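Computed from a predicted model, the values in this text were never measured in an experiment.
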Amino acid sequence: MAMPLRQSIKVATYLFEQKLRKREKFPLIVELEPLFACNLACEGCGKIQHPAGVLKQRMPVAQAVGAVLESGAPMVSIAGGEPLMHPQIDEIVRQLVAKKKYVFLCTNAMLMRKKLDKFTPSPYFAFAVHIDGLRERHDESVAKEGVFDEAVEAMKEAKRRGFRVTTNSTFFNTDTPQTVIEVLNFLNDEMKVDEMMISPAYAYEKAPDQEHFLGVEQTRELFKKSFAGGNRSRWRLNHSPLFLDFLEGKADFPCTAWAIPNYSLFGWQRPCYLMSDGYVPTYRELIEDTDWDKYGRGKDPRCANCMAHCGYEPTAVLATMGSLKESLRAARETIGGNR
């Protein structure tokens, strides 16, 4: 696990405070979507299938920052759509960083080099570039040639300027252990990104491509083989050890969707950013008025093949905090990843 030591300490302190307060449900990270518009049309994405009027909307800065502060989460992932298309995205980031929130700006990197001057390097801020494979595979997944090369150049320039650069890679049933290994080796060894996030693709209801999402057994087999030969310990993966165990079938957990709530132009989304069962205006209503027990694999058929981080990483983190053995294991990997 390659999470910076300072961030690990802050998250651990936050979790301890929630335990002292006896809070049963609390956010680890907020998925903030200040717009739905994007400059790409990926086949596996279900976030751009909105009417033109909605795609033109941009969330005001005060509303975006206020939602994160309302939740109390120590971290925020800014997504969309493509957040760099938001004319005030730099101000949203600046205000959140000023509040000492850890901010990950998710981007396809097409606008990244043009926008770098608007941002300031900070231990509280990182670009999270979406990379789904090497050149041919990535460009095919985003339905546009040249995107991979631009993303690579953008990451190089950002690192040259002192920014933290992370990546997020989604894998489909067209992937093999070899394609997973190839892209993660490239990001880890050649690009030397600070940390990497991985996820099996989730079947968005409105995604144009409904044929290439992974099932549970496919996911476990893919990651079990990909992690073999010491890859898992060598890669700078931004995940808890127990979540990686979960991906390769060594452990199983219930979904904890309430720990990574989503806030978008429509409000707080039930139950998570992958599914939409309505919206509420306040974080408190989301937590108190949502029937969380009805979601997850074995409960809701829409969740049958989901092993996404938004539902299961928080469960793994909480299980880690509840076990001295797993806490020591995570600490060892965190310290090792920060050498």
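Taking all atoms of both residues into account, the shortest heavy-atom contact from Leu35 to Leu265 is CA-CD1, 4.0 Å. A pairwise comparison of heavy atoms in Glu33 and Gly80 identifies OE2-O, 3.5 Å as the closest pair.
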Where do Trp268 and Glu285 land on the side chain to side chain contact (heavy atoms under 4.5 Å, CB included) test, with the steps shown first?
-> CA-CA 9 Å; Trp268 293 98; Glu285 288 178 79; over 6 Å; no

Give the intermediate values and the outcome of salt bridge (charged side-chain N to carboxylate O under 4.0 Å, His left out) for residues Asp189 and Arg236.
-> CA-CA 10 Å; Asp189 302 336; Arg236 290 183 296 279; 5.6 Å; no

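The number of heavy atoms from other shown groups lying within 6.0 Å of CZ (Arg113) is above 12. Counting non-hydrogen atoms of other residues, nucleotides and ligands closer than 6.0 Å to NZ of Lys224 gives a total of 12 or fewer. Heavy atoms from other residues, nucleotides or ligands lying under 6.0 Å from NZ of Lys25 number more than 12. Arg6 CZ: 12 or fewer foreign heavy atoms inside a 6.0 Å radius.
One finds no salt bridge joining Asp289 and Arg284 here, because no Lys/Arg side-chain nitrogen approaches an Asp/Glu carboxylate oxygen to under 4.0 Å.
Counting side-chain heavy-atom gaps under 4.5 Å among Ile, Leu, Val, Met, Phe, Trp and Tyr, the cluster of Leu20 also holds Phe16.
Checked by atom type, the side-chain pair Ser264/Gln269 shows no donor-acceptor distance below 3.5 Å. Between the side chains of Arg270 and Asn262, no donor-acceptor pair of N or O atoms lies under 3.5 Å. Counted by atom type alone, Tyr124 and Gln7 present zero donor-acceptor pairs between their side chains at under 3.5 Å. Of the N and O atoms on the side chains of Glu82 and Asn39, not one donor lies less than 3.5 Å from an acceptor on the other residue.
Listed by first then second residue, pairs satisfying salt bridge (charged side-chain N to carboxylate O under 4.0 Å, His left out) with a partner in residues 172-186 read Arg137-Asp175, not counting sequence neighbours. The salt bridge (charged side-chain N to carboxylate O under 4.0 Å, His left out) contacts involving residues 54-81 comprise nothing, where partners must be two or more places apart or lie in separate chains.
With hydrophobic clusters built from ILVMFWY side chains whose heavy atoms lie under 4.5 angstrom apart, Phe266 shares a cluster with Trp258. Under the 4.5 Å side-chain heavy-atom criterion for grouping Ile, Leu, Val, Met, Phe, Trp and Tyr, Val11 is not connected to Met197 through any hydrophobic cluster. Grouping the Ile, Leu, Val, Met, Phe, Trp and Tyr side chains by contacts below 4.5 angstrom, directly or via other members, places Tyr102 with Met321. In the hydrophobic cluster analysis, where Ile, Leu, Val, Met, Phe, Trp and Tyr join through side-chain heavy atoms closer than 4.5 angstrom, Phe148 is grouped apart from Leu40. Note on Val142: it does not cluster hydrophobically with Ile131, by side-chain heavy-atom contacts below 4.5 Å among ILVMFWY residues.
Proximity of Phe163 to Phe125: side-chain heavy atoms (C-beta onward) are separated by under 4.5 Å at one or more points. Side-chain contact check for Lys144 versus Asp139: every heavy-atom pair is 4.5 Å or farther apart. Inter-residue side-chain proximity for Met112 and Phe127 is flagged as met; some heavy-atom pair is nearer than 4.5 Å.
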